[in-house]
Amino acid sequence: MSEQLESWPYREARHVDEHLKRAESGDAKSDDDPVLFQTGFGPSGLPHIGTFSEVARTNWVRRAFSTVSDRPTKLIAFSDDMDGLRKVPENIPNGDMIAEHLGKPLCDIPDPFGEEDSFSGYMNAQLRSFLDSFGFDYNFVSSKDMYRGGEFNDGLLRILECYDEVRQVIIKTLRNPNRDEWSPFFPVCENCGKVNNTRVTDVHPKDGAVSYVCDQSFRGAEACGHSGTVPVTDGHVKVGWKVDWALRWYVLGVDYEMYGKDLIESAELSTEIVRALGGEPPAGMFYEMFLDENGAKISKSKGTGLSIDDWLQYGPLESLAWFIFKKPKKAKKLFFEVIPRSTDQYLEALHDYGVATESEQELDNPVYFIKDEEIDAGEEVTYESNISYSMILNLVSVLNTDDRDMVWDYLRRYDDRVDADKDVIDDLVDRALRYYREFVFPTKEYKLPDEEVMPGVEQLREFLDQYDGDDPEEIQTATYRAGKDNDIKLGKWFRSMYRMLLGQDRGPRLGTFIHLYGVEETLNLINERLAEKSAGNAD
RNA sequence: GGGCCGUUAGCUCAGUCUGGUAGAGCAGCAGACUUUUAAUCUGCGGGUCGGAGGUUCGAAUCCUCCACGGCUCACCA
């Protein structure tokens, strides 16, 4: 396996390789099984940027692995839809109805949106269409299917066999009052259907069963008091969080899984548990959380940070992918200003990718991961011009326009290779115009020229009125003369013109601008503004 | 309290894995584009690399301790 490739997905891929050697020495896996990458989701809420990041990053490790190995791979998106609901999410309808089902597995709660067969059914559908919309290749697996379909049975019985060892792993992390009672098993109450309210009172390893009582009420969810004995298999019982994770690793034979840094300790405990069961934990890494502009954790309810939709309004998907690719172990601030920067860095990398001469330069370029589909399809992936997104944003603002053709005219003057990158740049112009309309335009402050400047305005107006040529330089000269002839300080003269026409102190070279905007149109614009001025005077 | 991350130019951050003359963008200043402004381009200024020790011929980089800031965990999956 190549040691030359330095970017983090290859390092992770090497960890997968080391993991496989360990797992195979314990004959837990054979050469022919696909190497399994897993990402997990709690379907108690809607997919978000963290969901996207985790799948994207895992997929990049998978790609790196496939680049340096011939073994087949598979990505599992695992949904924890057997988890109980602890509290009603704020951003869903019919909260009162959902509140009645607190404590039950998500797959046994009605869909608050009334579209799918259950709460988690709705969230799972959202997750899948979300992942599909980005073109991810994955196999969807649900906790409910695994438990109730009997797929987890062997693992569950194994946990029962290793009951004390598994308990010891968790118990050492618990405070004393809870130690004695704790059990990895949480039966689904046969009477009320809740899973968060039950407590194991006895285990019956020979029968593969546990006894329980439903007496653990919590805020909003009353326990019914029922007691009974159920088999641990076939979905009558689920296991608690860290054990659940270990169970998945053990039964599915997961080879790689990453997780947020809030789960570092969970991962360590799950590692101990899966070893206690006789399995080999997957290779993996933790990644950092996203922060908002002030360095606080992003919060959907407070509206801090950026959502994926926000980002995609003003930056292409590739720029978001770039942001997520870079330094997964660093807590990064997610706010508007990073969009142009990420986009520009991505464009530079795209340019480098296009001119790379050695294969390793290509393989180590984030573009190799971000544009995986296009590259694998044999499409040309490159960016020839040196137009940056920052420049387009600036240009659109300076031109004070939402006319894309005019922006293109200016871009062509700057770099005649722009048409080679037409699709990419056109998309950027689109987003820049949207940004301009929504953020820049509302802040425009038009000011009418004061009396000192008026003679110049009159002279320019007369010139434009009689002008029937088509030469930007002639117009430029006339504009210049209009100020000069009337003894207006030129700095003030041009500033006044920009203030009147564009609502800002600075602007493009006026001859060029008037030529592109249109002599007639400019004249009309001046007349409109002057009409406002005389109307203002009449008040 | 445990774990982890960060501290580098006015601002946002690269550079730390693998030690070898401190970097980029923005902001500031100056200049170029036949004359104005802007785009754009060129140049300039600007940092005790959080602090203190240590290793080394040589430390932003490796080791130890400390300070400050932040995230996260402590029986929720």
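Everything numeric in this text was worked out from a predicted model, so none of it was measured. Numbered from 1 within each chain, the chains take letters A, B, ... in sequence-line order.
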For nucleotides rA60(B) and rA9(B), find the distance between their P atoms and express it as a whole number of Å. 15 Å
Separation between CE of M123(A) and CG of D80(A), rounded to the nearest 0.5 Å: 14.0 Å
For P316(A), is there any backbone N or O sitting under 3.5 Å from a side-chain donor or acceptor partner on S319(A)? yes
Between rG43(B) and rU72(B), how far apart are the two P atoms, rounded to whole Å? 44 Å
Taking the nucleotide of RNA chain B with the closest heavy atom to each, which residue, Y410(A) or N196(A), is nearer the 5' end? Y410(A)
Charged N to carboxylate O under 4.0 angstrom, D108(A) versus R148(A)? yes
Just by distance, do the side chain of N124(A) and the backbone of S120(A) share a donor-acceptor pair under 3.5 Å? yes
What's M391(A) touching, base or sugar-phosphate or nothing? Going by heavy atoms closer than 4.0 Å. sugar-phosphate
Applying a 4.0 Å non-hydrogen cut-off, can you work out what D80(A) is touching in the nucleic acid: base, sugar-phosphate, or nothing? nothing
Canonical and wobble pairing (Watson-Crick, G-U, under 3.5 Å) of RNA chain B, dot-bracket with |: ((((((((.[[[[.)....(..]]]].(((((.......))))).....[[[[[..)....]]]]])))))))....
Could you measure the distance from the OH atom of Y147(A) to the NE2 atom of H236(A)? Nearest 0.5 Å is fine. 13.5 Å
Whole-angstrom distance between rG46(B) and rG20(B), as gauged at atom P: 24 Å
Whole angstrom value for the distance that separates P of rC73(B) from NZ of K242(A): 11 Å
CD/E165(A) to CD/E272(A) distance, rounded to the nearest 0.5 angstrom? 12.5 Å
Using a 3.5 Å distance criterion without hydrogens, assess whether the side chain of Y250(A) forms a donor-acceptor pair with backbone atoms of P281(A). no
Which protein N or O atoms sit under 3.5 Å from an N or O of nucleotides 13-15 of chain B?
| from | atom 1 | to | atom 2 | distance (Å) |
| --- | --- | --- | --- | --- |
| rC13(B) | OP2 | K333(A) | NZ | 3.4 |
| rA14(B) | OP1 | K330(A) | NZ | 2.9 |
| rA14(B) | OP2 | K330(A) | NZ | 2.7 |
| rG15(B) | OP1 | K327(A) | NZ | 3.4 |
| rG15(B) | OP2 | K327(A) | NZ | 2.2 |

Rounded distance in Å between the P positions of rG69(B) and rC17(B): 28 Å
What is the distance, rounded to the nearest whole Å, between atom CZ of R412(A) and atom C1' of rA39(B)? 17 Å
Rounded to whole angstrom, note down the P distance from rC41(B) over to rU7(B). 29 Å
Closest-nucleotide ordering on RNA chain B, the 5'-leading residue of V338(A) and L395(A): V338(A)
For the residue pair V457(A) and P449(A), what are the closest heavy atoms and their distance? CG2-CG, 4.0 Å
Distance between the C1' atoms of rG58(B) and rG19(B), in whole angstroms? 8 Å
How long is the gap from OG on S53(A) to CE on M258(A), to the nearest 0.5 Å? 10.0 Å
Pick the P atom in rU42(B) and in rC49(B), then give their distance to the nearest Å. 29 Å
For rG54(B) and rU8(B), measure between their P atoms and round to the nearest Å. 24 Å
